[in-house]
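Okay, so here's the structure we're looking at.
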Amino acid sequence: MCGIAGIVGRSPVNQALYDALTVLQHRGQDAAGIMTCHENRLYLRKDNGLVRDVFHTRHMQRLVGNMGIGHVRYPTAGSSSSAEAQPFYVNSPYGVALGHNGNLTNAEQLTEELWRQDRRHINTSSDSEVLLNILAKELLLQDNLQPTPEDIFAAVAGVHRRCRGAYAVIAMIVGHGILGFRDPHGIRPIIYGRRETERGPEYVIASESVALDALGFEVVADLKPGEAVYITHDGQVHVQQCAEHTSYTPCLFEYVYFARPDSVIDGISVHKARMRMGVKLAEQIARDWPGHDIDVVIPVPDSGRTAAIELARALGVNYREGFIKNRYIGRTFIMPGQQIRKKSVRRKLNAIPMEFRDQNVLIVDDSIVRGTTSAQIVQMARDVGARKVYFASAAPPIRYPNVYGIDMPAPSELIAHGRTVEEVCRAIGADRLVYQRLDDLIDAVRQGNPAIEGFDASVFDGKYVSEVSEEYLDELSLRRRDENKALAVEQTVGVDLHNSH
């Protein structure tokens with residue numbers, strides 16, 4: 001999962017891009033990068049690390065220009081090489097830079113095609129570099145020295161015909177403008193907005209609406225599946241549908257876990273969706289466990305909080321904050337390697353004994369992936385004196401791999417894979433486990449926008465909205481096994497480039 005942002009401004013955009021990436025930091029903590037354009041020259045800074053650590057004053061001063069794009073990344077196959085930090089760049093045609101959120105399921109095939117047909121070399125294992133080269137090739141086919149919006153949209157249509165999987169993309173074409181587009185299924189989010197300045201309108205494209213809010217932009221629209229927006233360097237906006245066949249099926253897991261609660265994605269408030277998830281869980285408990293003996297509801301901060309508050313309110317049970325979070329520890333779901341993950345949970349959360357002692361506690365979290373965090377949290381509750389520890393997940397059992405840009409582990413490392421709810425309950429050490437039902441989750445989210453046709457719920461039901469081969473799933477499973485991932489993060493010197501057109 002990654003975060004992307006692009007700005008066409010009337011004044012330098014380096015600080016605004018930095019601020020946007022800071023707001024989108026939850027989408028990736030592995031690497032960050034910004035590339036700006038000034039007088040047909042590109043200026044780049046990217047490296048491993050958090051936004052605040054990658055960009056210092058000297059870097060910001062070099063990122064000149066009124067147009068630029070930015071990216072925050074976490075690795076989708078265990079790699080942490082700074083060589084794969086984005087944006088990526090190719091110098092032909094025009095000079096094109098690109099940041100991508102998602103995952104191509106036919107990247108290997110496309111890499112072979114690019115070499116055999118176009119003699120294009122892919123220098124990393126990132127499918128984003130593949131996507132960049134496909135876009136560059138399609139732009140080249142338009143054979144126009146000065147690309148028109150029609151040329152740009154024709155190139156995006158070519159990308160849609162060739163690429164499979166999930167992709168929300170922001171690309172910068174040197175001296176011309178910034179392009180944003182979304183895959184024909186609309187799996188990954190992308191939105192654009194506008195703000196008025198004394199010098200004229202400025203535009204931003206980003207992964208989530210919260211980036212627009214932070215920068216003072218007003219939302220214009222979410223890009224629809226298959227749609228593209230092209231904003232020229234002088235502020236002209238062009239929007240066009242570029243895919244022949246589309247389906248409105250955004251990723252359901254965005255609303256459960258990844259997106260910030262203050263974002264609105266595809267017209268759906270993430271915060272309100274999570275509130276409805278809590279109500280649905282409460283209704284299920286009242287229906288299936290009418291004689292429950294829950295004394296107190298305690299959330300796992302932060303993403304379990306909203307659902308927990310509404311669950312407690314609907315059940316008429318006390319709500320308490322029982323875990324204190326160390327905000328200087330990153331998201332454990334994103335961290336590579338099971339041993340690092342296990343150590344991080346105890347450093348990340350600490351229990352308040354008085355909220356647990358002699359209580360029957362219902363702990364609420366957004367989801368259960370490997371079960372590592374859940375098991376340690378249950379044990380922490382017991383260690384500080386809880387009488388009984390129940391556990392509720394705002395999401396259904398996660399039993400299948402994600403192929404659209406979320407680095408979930410191999411199926412064998414998913415705690416719910418091949419296990420019943422009772423078996424998962426025993427594995428995490430809880431006295432009772434309550435999972436959200438899939439139809440309830442879908443209803444809780446879809447209430448925010450009935451126009452959405454459906455959701456990619458593949459991590460829950462194994463049904464992928466785009467074509468995915470068994471061979472690809474098998475190969476992905478091998479790459480995602482913890483023992484096949486590098487546990488050490490490669491330390492490399494950051495790249496400061498300034499390329500001429």
Side-chain angles (χ1 to χ4, degrees), residues 1 76 102-103 105 164-166 183-189 225 245-259 265-266 268 270 273-274 276-278 280-281 283-284 287-288 303 307 333 365-371 374 391-425 427-428 433-477 480:
M1 187 63 62
T76 54
N103 185 56
T105 57
R164 300 288 176 267
D183 72 77
H185 301 283
I187 300 170
R188 300 267 74 89
H245 306 288
T246 65
S247 66
Y248 209 162
T249 50
C251 175
L252 194 56
F253 207 64
E254 287 276 358
Y255 300 93
V256 171
Y257 175 79
F258 262 106
I265 296 178
D266 290 310
I268 300 170
V270 176
R274 290 176 182 170
R276 291 190 290 266
M277 291 175 203
K280 295 286 187 182
L281 271 173
E283 291 172 350
Q284 181 182 332
R287 182 174 58 249
D288 299 343
S303 51
F333 175 79
D365 204 354
D366 57 86
S367 59
I368 305 172
V369 183
R370 293 174 177 86
S374 304
F391 205 96
S393 166
I398 297 172
R399 294 193 167 103
Y400 303 93
N402 182 280
V403 302
Y404 298 128
I406 300 176
D407 188 26
M408 288 193 174
S412 61
E413 294 168 354
L414 294 167
I415 194 168
H417 182 75
R419 287 189 175 99
T420 65
V421 174
E422 291 72 22
E423 289 170 335
V424 175
C425 182
I428 67 172
L433 174 61
V434 180
Y435 272 114
Q436 185 86 262
R437 293 175 179 172
L438 182 55
D439 56 348
D440 283 343
L441 175 60
I442 291 172
D443 186 56
V445 178
R446 192 170 181 267
Q447 280 184 40
N449 184 2
I452 290 181
E453 300 167 19
F455 294 93
D456 169 61
S458 53
V459 297
F460 308 120
D461 61 12
K463 299 174 182 176
Y464 299 98
V465 297
S466 69
E467 183 180 341
V468 180
S469 69
E470 288 297 327
E471 291 78 12
Y472 178 81
L473 291 173
D474 290 343
E475 194 272 335
L476 190 68
S477 177
R480 286 184 174 177

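Here the side chain of R164 pairs no donor or acceptor atom with the backbone of V468 at under 3.5 angstrom. R399 contributes no side-chain N or O that, together with a main-chain N or O of H417, makes up a donor-acceptor pair within less than 3.5 Å. In this structure a side-chain-to-backbone donor-acceptor pair under 3.5 Å is present from N449 to A451. One N or O on the side chain of Q436 and one on the backbone of A394 form a donor-acceptor pair closer than 3.5 Å. A donor-acceptor pair is defined here as one N or O able to donate and one able to accept, closer than 3.5 Å; no such pair exists between the side chain of E254 and the backbone of C251. Using modelled atom types, no side-chain atom of R188 and backbone atom of P250 make a donor-acceptor pair closer than 3.5 Å. Between the side chain of R419 and the backbone N or O of E423 there is no donor-acceptor pair closer than 3.5 Å.
N103 CG to D183 CG: the interatomic distance, rounded to the nearest 0.5 Å, is 11.0 Å. Of the inter-residue distances, the one linking I398 atom CD1 with F253 atom CZ reads 4.0 Å to the nearest 0.5 angstrom. Put simply, CG on L438 and CG on D443 are 11.0 Å apart, with the number rounded to the nearest 0.5 Å. E467 contributes atom CD, which lies 8.0 Å from atom OG1 of T105 (distance to the nearest 0.5 angstrom). Summarising the geometry, atom OG belonging to S247 is positioned 6.0 Å from atom CD belonging to E453; distances are rounded to the nearest 0.5 Å. Atom CG in D366 sits 10.0 Å away from atom CZ in F258 (nearest 0.5 Å).
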Query raised in the report: Would V459 and V369 count as a side chain to side chain contact (heavy atoms under 4.5 Å, CB included) if you check the C-alpha gap in whole Å, the side-chain angles of each, and the deciding distance to 0.1 Å?
Result: CA-CA 10 Å; V459 297; V369 183; over 6 Å; no

Requested in this report: Decide yes or no on side chain to side chain contact (heavy atoms under 4.5 Å, CB included) for Y257 and D365, but give the supporting numbers first.
Outcome: CA-CA 10 Å; Y257 175 79; D365 204 354; over 6 Å; no

Query raised in the report: Please walk me through it: do S466 and Y404 pass side-chain hydrogen bond (donor to acceptor under 3.5 Å, both in side chains)?
Result: CA-CA 10 Å; S466 69; Y404 298 128; 2.8 Å; yes

Query raised in the report: V256 and M277: side chain to side chain contact (heavy atoms under 4.5 Å, CB included), yes or no, with the steps?
Result: CA-CA 9 Å; V256 171; M277 291 175 203; 4.2 Å; yes

Report task. Give the C-alpha distance, both sets of side-chain angles, the deciding distance and a yes or no for side chain to side chain contact (heavy atoms under 4.5 Å, CB included) between V434 and Q284. Result -> CA-CA 9 Å; V434 180; Q284 181 182 332; 3.7 Å; yes

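In this structure, the side chains of Y435 and C425 stay at 4.5 Å or more apart for every pair of heavy atoms. Annotation: side chain of Y255 is in contact with side chain of D266 (closest heavy-atom distance under 4.5 Å). F391 places a side-chain heavy atom less than 4.5 Å from the side chain of S374.
The two atoms that bring M1 and I406 nearest to each other are CE-CG1, 3.2 Å, heavy atoms only. The shortest non-hydrogen separation linking S458 to Y400 is O-CB, 3.3 Å. The shortest heavy-atom contact between A392 and L281 is CB-CD1, 4.5 Å. Looking at every heavy atom in both residues, A395 comes nearest to S393 through O-OG, 2.7 Å. Minimum heavy-atom separation, P401 to L473: CG-CD2, 4.2 Å. Nearest heavy-atom pair across I415 and A427 is CD1-CB, 3.8 Å.
Of the candidates L441, T249, V445, F455 forms a side chain to side chain contact (heavy atoms under 4.5 Å, CB included) with just one, namely V445.
Under the 4.0 Å criterion applied to side-chain N and carboxylate O atoms, D288 and R437 are assigned as salt-bridge partners.
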